[in-house]
Protein chains: 2
Amino acid sequence: MARPRKEQELDIPRRAVEETIRLLAQQGDFGVPLTAVAQAVGCTAPALYGHFRNKNALLRAARDEGFGRLYNEKFAVFEQMRGDPFGYLRDGGYAYARFALENPTLYRLMFSPPPKLGVSDDPWSSEAGRQVLSLLLTGLRSSQEHGYLPGADLQRYGFMFWSTIHGAVSLNIQNRLLDHAAKWDSTQSVIDALMEMIAATGPAKHPITS
Amino acid sequence: MARPRKEQELDIPRRAVEETIRLLAQQGDFGVPLTAVAQAVGCTAPALYGHFRNKNALLRAARDEGFGRLYNEKFAVFEQMRGDPFGYLRDGGYAYARFALENPTLYRLMFSPPPKLGVSDDPWSSEAGRQVLSLLLTGLRSSQEHGYLPGADLQRYGFMFWSTIHGAVSLNIQNRLLDHAAKWDSTQSVIDALMEMIAATGPAKHPITS
DNA sequence: CCTCAAACTTAATATCATTCAGTTCTTGGG
DNA sequence: CCCAAGAACTGAATGATATTAAGTTTGAGG
């Protein structure tokens, strides 16, 4: 048995990415053996080389898929929050955090990939990544039009906003002492503190003191 | 030639950690072969097993050493800034960021270790780690006594403060498009933005608008 | 001196990633 | 319908590493 028959053909590229993400989550580590992926897909390890140059390429594909999924979640919130930029900023932050806490290993692959992966540059280099960032900037711009962050450099505050949330989820993902609920509470508290600070710059409401 | 003579004895535990950190920086990746460490130390790979249970234990030791070094840098700033808590917060943040950007792979080992390492819990579980955190909280408490962050929950704001800086350095470390200077500027900008926000809560000075 | 434990070294094993050399379908021309 | 060429795999071979086993030399205590 060498080449499979038409009936039993399986979409290896798609399934491989899918199973890789599943195994990543299951093992909680990037060190998923190719053999395991192949077995989950239903083929042998060398077969994967017909679709991906090597293991790193497969992990890169999984990473791209991760950005796609994150974008979808953020975009859903965006559509739901039209007309409420401040609310979008908050709920968009929640959605981002929820994605990270629910897919910790995938999130780490996206934002702290081993240099070996050969990810050429920054997280936003991929198309989906760029789109996620643009959603954030759109939210900030709208918020500014509604009176928040007056005169602030959006690029600068955007990066700070993102840094804070990324930092919070990274630290919470890494903390094995906390259970899922505690990680979420801790992350949400950071997002809320951040939103309070932004709110304090806006149309005179919301005191900063927690 | 089996057991070395007294004269040529070498302090393997210390040297191994030292060389591991050097190779980590050189290769920019956790995947440093034990053989390479052994060669740098001047022994063979199995010899390391007499001092570390396995490779993970060696990496954990390197990680602990990293926390020790970070603490030393933060503590130096702390001593230098006695009496100026706001200044300590700022310069302590700079020192933290400088350490991270100058030792990117070690920093990643400290704060985004592969779960395989068996780091039992959170970054502050090690003694040195806990001490670093306590320096931050001390700085925040003093700042509050000087009128900043009135009524704020320090634990909460401390975590946010740390999240922001950790997030900024993590994202900048990861962005291969930026050179060292650009990473530093970007990180410093985030710290400054954060300090402006804290300053805005203090004794009526420093407007938040950049 | 002699014995034993300590501290290494060289082989041996196991796990993967990756490459090689077939083997079996499918397909496009005749 | 038949055949050649190539596509899509498979199983075996290679090579890099971590880890373990077995063997050797040195230092220390009696």
Side-chain angles (χ1 to χ4, degrees), chain A residues 1-20 22-24 26-63 105 109 113-119, chain B residues 1-20 22-24 26-63 105 109 113-119:
Chain A
M1 58 189 98
R3 176 175 184 161
R5 303 205 177 155
K6 209 84 178 274
E7 315 95 57
Q8 44 189 276
E9 237 185 324
L10 52 171
D11 186 2
I12 288 186
R14 193 169 307 280
R15 301 242 10 240
V17 168
E18 189 182 312
E19 295 296 336
T20 298
R22 198 178 56 74
L23 289 167
L24 237 31
Q26 184 185 307
Q27 306 209 1
D29 198 286
F30 301 159
V32 175
L34 266 195
T35 309
V37 175
Q39 185 180 328
V41 167
C43 64
T44 61
L48 297 173
Y49 284 80
H51 306 276
F52 301 94
R53 182 184 308 287
N54 52 30
K55 188 181 178 180
N56 285 341
L58 172 59
L59 286 174
R60 276 198 300 274
R63 181 172 179 265
T105 309
L109 180 64
K116 293 215 167 151
L117 270 206
V119 174
Chain B
M1 60 190 102
R3 175 176 184 163
R5 302 205 179 155
K6 210 90 181 259
E7 315 97 55
Q8 44 188 277
E9 237 187 322
L10 54 173
D11 186 2
I12 288 187
R14 193 169 307 280
R15 302 246 2 246
V17 168
E18 189 183 312
E19 294 297 337
T20 298
R22 196 176 57 74
L23 289 167
L24 237 31
Q26 184 185 306
Q27 306 210 2
D29 199 286
F30 301 160
V32 175
L34 265 195
T35 309
V37 175
Q39 185 179 328
V41 167
C43 65
T44 61
L48 297 172
Y49 285 79
H51 306 275
F52 301 93
R53 182 183 309 283
N54 53 28
K55 187 180 179 180
N56 285 341
L58 172 58
L59 286 175
R60 276 199 300 273
R63 180 171 180 266
T105 309
L109 179 63
K116 291 215 168 156
L117 269 206
V119 174

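Computed from heavy atoms alone, side chains included, the values below leave out hydrogens, waters and symmetry copies. Naming: A, B, ... by sequence-line order, numbering from 1 per chain.
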Show every donor-acceptor pair shorter than 3.5 Å between a side-chain atom in residues 35-53 of chain B and any protein atom, with sequence neighbours excluded, or say none if there are none.
none

Discussion item. Heavy atoms from C-beta onward define the side chain here; which of C/dA17, D/dT10, D/dT19 lies closest to that of B/Ala45?
Written reply: D/dT19

Practice prompt. Write down the distance between NZ (A/Lys116) and C1' (C/dT18), rounded to a whole number of angstrom.
Written response: 14 Å

Worksheet item: Rounded to the Å, how far apart are B/Leu34 CG and C/dT13 P?
Response: 20 Å

Practice prompt. Using atom CG of A/Asn54 as one end and atom P of C/dC20 as the other, report the distance to the nearest whole Å.
Written response: 14 Å

Worksheet item: Considering only D/dC9, D/dA12, D/dA18, which nucleotide approaches the side chain of A/Ile12 most closely?
Response: D/dC9

Practice prompt. Tell me whether the OP1 or OP2 atom of D/dC9 has a side-chain N or O from A/His51 closer than 4.0 Å.
Written response: yes

Worksheet item: Where do B/Asp29 and B/Thr105 come nearest, in terms of heavy atoms and distance?
Response: N-CG2, 3.7 Å

Fill in: Selected nucleotide, minimal atom distance to B/Tyr49 side chain, candidates D/dC9, D/dT20, C/dA17
D/dT20

Worksheet item: Rounded to whole angstroms, how far apart are CD on B/Gln27 and P on D/dA16?
Response: 15 Å

Worksheet entry | Side-chain touch B/Val32/B/Leu59, heavy atoms, less than 4.5 angstrom | no

Discussion item. Rounded to whole Å, how long is the line connecting atom NZ of A/Lys55 with atom P of C/dT18?
Written reply: 8 Å

Worksheet item: Are B/Thr44 and C/dT9 close enough that a side-chain N or O sits under 4.0 Å from OP1 or OP2?
Response: yes

Worksheet item: To the nearest Å, how far apart are A/Asn56 CG and C/dC16 P?
Response: 16 Å

Discussion item. Expressed as a whole number of angstroms, how long is the span from A/Leu48:CG to D/dA7:P?
Written reply: 19 Å

Item to complete: Measure from the side-chain heavy atoms of B/Ala47 and tell me the nearest of C/dT9, D/dT10, D/dA18.
Response: C/dT9

Worksheet, complete the sentence: Of the candidates D/dA18, C/dT18, D/dA21, the side chain of B/Pro46 sits closest to D/dA21

Worksheet entry | Distance-minimising heavy-atom pair for A/Arg63 and A/Pro113 | NE-CG, 4.2 Å

Discussion item. Within the 4.0 Å heavy-atom criterion, would you say B/Val37 contacts the bases, only the backbone, or no part of the nucleic acid?
Written reply: nothing

Worksheet item: Between A/Lys116 (side chain) and B/Phe30 (backbone), is there a donor-acceptor pair under 3.5 Å?
Response: no

Worksheet item: Given atom CD of B/Gln39 and atom P of D/dA18, what is their separation to the nearest angstrom?
Response: 13 Å

